[in-house]
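These notes are about the structure you will find just below.
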Amino acid sequence: MRHSKWFAAAGTAAAITMIMAPATHAASAPSPAAPARAAAVTTLYYDATRATGWEAAITAGVAAWNTNVGNVKLAKAQPGTRAEIQIIATNGWPQATLGPVRPGGQARVELGSLAVTEGHDKTRIAAHEIGHNLGLPDTKPGPCSQLMSGSSAGISCKNSVPNATERSRVESAYAGRAATRTPADGRVLVDAH
């Protein structure tokens with residue numbers, strides 16, 4: 001019995017030595033950055049079944065947000081399920097509810113054809129109006145590089161990607177426990193110039 005205890009003790013000492021040797025070696029090398037803690041992701045569902053003719057623009061507008069913002073994701077609602085964002089096509093001017101909309105909340109996007117008739121880009125309109133639902137107000141007048149400058153950037157502007165400031169504001173609105181709060185505003189913003 002004593003012999004087996006000795007082997008167990010010797011095995012433990014060898015394991016400690018093996019563990020300590022790499023640790024000593026690793027201490028002399030530059031330590032890698034600590035892995036970033038994964039941020040909680042808020043998923044918001046949208047229903048675009050009443051936005052006939054805007055399907056490609058909505059898909060591209062949603063992708064612009066999903067690609068550029070990490071802690072909130074937009075997903076198409078399955079038929080018969082509740083969606084936080086209702087997207088519809090209208091004959092008027094684009095407008096949307098100012099959020100940030102929260103899970104279980106309700107927001108609306110109206111993709112108005114008047115802006116398209118004037119020559120504005122459909123994808124930019126869709127991404128811009130969704131930006132309102134995510135909590136961003138208009139920044140008019142503004143350059144084309146600002147998605148939320150909307151129609152003030154002119155009809156030649158095709159940018160549908162939020163800039164760094166816009167991305168940061170949305171990320172902040174949905175950071176941590178903030179994603180569970182009720183909407184702060186709820187006003188309807190009409191994007192006529």
Side-chain angles (χ1 to χ4, degrees), residues 42-79 82-102 105-174 183-193:
T42 299
T43 301
L44 299 172
Y45 293 93
Y46 68 92
D47 176 359
T49 56
R50 297 186 300 160
T52 303
W54 288 83
E55 295 85 355
I58 293 166
T59 299
V62 164
W65 284 107
N66 284 345
T67 301
N68 288 286
V69 178
N71 63 351
V72 62
K73 293 296 174 202
L74 302 166
K76 187 181 284 190
Q78 295 301 313
R82 188 177 187 288
E84 287 86 8
I85 300 172
Q86 297 294 318
I87 304 175
I88 64 168
T90 71
N91 293 325
W93 197 262
Q95 58 186 322
T97 310
L98 180 60
V101 65
R102 305 296 179 191
Q106 189 71 43
R108 183 175 172 106
V109 166
E110 293 185 16
L111 300 173
S113 61
L114 283 180
V116 178
T117 301
E118 284 194 13
H120 294 282
D121 182 70
K122 282 179 127 178
T123 300
R124 179 173 170 83
I125 293 168
H128 173 92
E129 298 306 325
I130 291 168
H132 288 317
N133 287 176
L134 298 177
L136 298 177
D138 287 315
T139 55
K140 295 179 179 182
C144 184
S145 60
Q146 291 177 344
L147 175 60
M148 300 314 293
S149 67
S151 61
S152 71
I155 60 172
S156 64
C157 180
K158 308 287 186 223
N159 175 41
S160 62
V161 178
N163 68 19
T165 300
E166 294 163 333
R167 292 189 304 264
S168 176
R169 288 184 69 186
V170 170
E171 294 253 354
S172 178
Y174 288 91
D185 200 309
R187 289 179 291 155
V188 173
L189 301 178
V190 180
D191 288 305
H193 32 221

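Values in this document were obtained by computation on a predicted structure and should not be read as measured data.
For the pair Lys140 and Ser151, the minimum side-chain heavy-atom distance is below 4.5 Å. Glu129 places none of its side-chain heavy atoms less than 4.5 Å from the side chain of Glu110. Residues Arg124 and Asn159 have side chains in contact (heavy-atom distance under 4.5 Å, counting atoms from C-beta outward). By the 4.5 Å heavy-atom criterion applied to side chains, Val116 and Trp54 are counted as neighbours. Between Thr97 and Asn133, some side-chain heavy-atom pair lies under the 4.5 Å cut-off. A 4.5 Å side-chain heavy-atom check between Leu44 and Trp65 finds every atom pair outside the cut-off.
Leu136 contributes atom CG, which lies 6.5 Å from atom CG of Leu134 (distance to the nearest 0.5 angstrom). Atom CG of Asp138 and atom CD of Gln146 lie 10.5 Å apart (nearest 0.5 Å). In this structure, Ile88 CD1 and Leu111 CG are separated by 8.5 Å, a value rounded to the nearest 0.5 Å. In this structure, Arg169 CZ and Thr165 OG1 are separated by 8.5 Å, a value rounded to the nearest 0.5 Å. Rounding to the nearest 0.5 Å gives a distance of 7.0 Å between CD1 of Ile130 and CD1 of Ile58. With rounding to the nearest 0.5 Å, the separation of OG1 in Thr42 from CZ in Arg102 is 7.5 Å.
The backbone N or O of Gly53 lies less than 3.5 Å from a partner atom in the side chain of Lys122, making a donor-acceptor pair. Between the side chain of Thr59 and the backbone N or O of Glu55, at least one donor-acceptor pair lies under 3.5 Å. A side-chain donor-acceptor contact under 3.5 Å links Glu166 to the backbone of Asn163. Within the 3.5 Å criterion, the main-chain N or O of Gln86 finds no donor-acceptor partner in the side chain of Arg108. When atom types are taken as modelled, the side chain of His128 and the backbone of Leu147 share a donor-acceptor pair closer than 3.5 angstrom. Asp47 places no side-chain N or O within 3.5 Å of a backbone atom of Ala77 that could act as its donor or acceptor partner.
Applying the salt bridge (charged side-chain N to carboxylate O under 4.0 Å, His left out) criterion to Glu84, with sequence neighbours excluded, gives no partner residue.
The heavy-atom pair separating Ala64 from Pro162 by the smallest distance is O-CD, 4.0 Å. When all heavy atoms of Pro143 and Ser149 are compared, the closest pair comes out as O-OG, 2.8 Å. The two residues Ala173 and Pro100 have their closest heavy-atom pair at CB-CG, 4.1 Å. Nearest approach of Val101 to Tyr174, heavy atoms of both residues: O-OH, 2.6 Å. Considering every non-hydrogen atom in both Ser160 and Ala127, the closest pair reads O-CB, 3.5 Å. Contact between Trp93 and His120 at its shortest, heavy atoms only, is CH2-CD2, 4.2 Å.
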* To do: With side-chain contact (heavy atoms from CB on, under 4.5 Å) as the test, would you mind laying out the steps for Gln95 and His132 before giving the verdict?
  => CA-CA 9 Å; Gln95 58 186 322; His132 288 317; over 6 Å; no
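Heavy atoms from other residues, nucleotides or ligands lying under 6.0 Å from NZ of Lys73 number more than 12.
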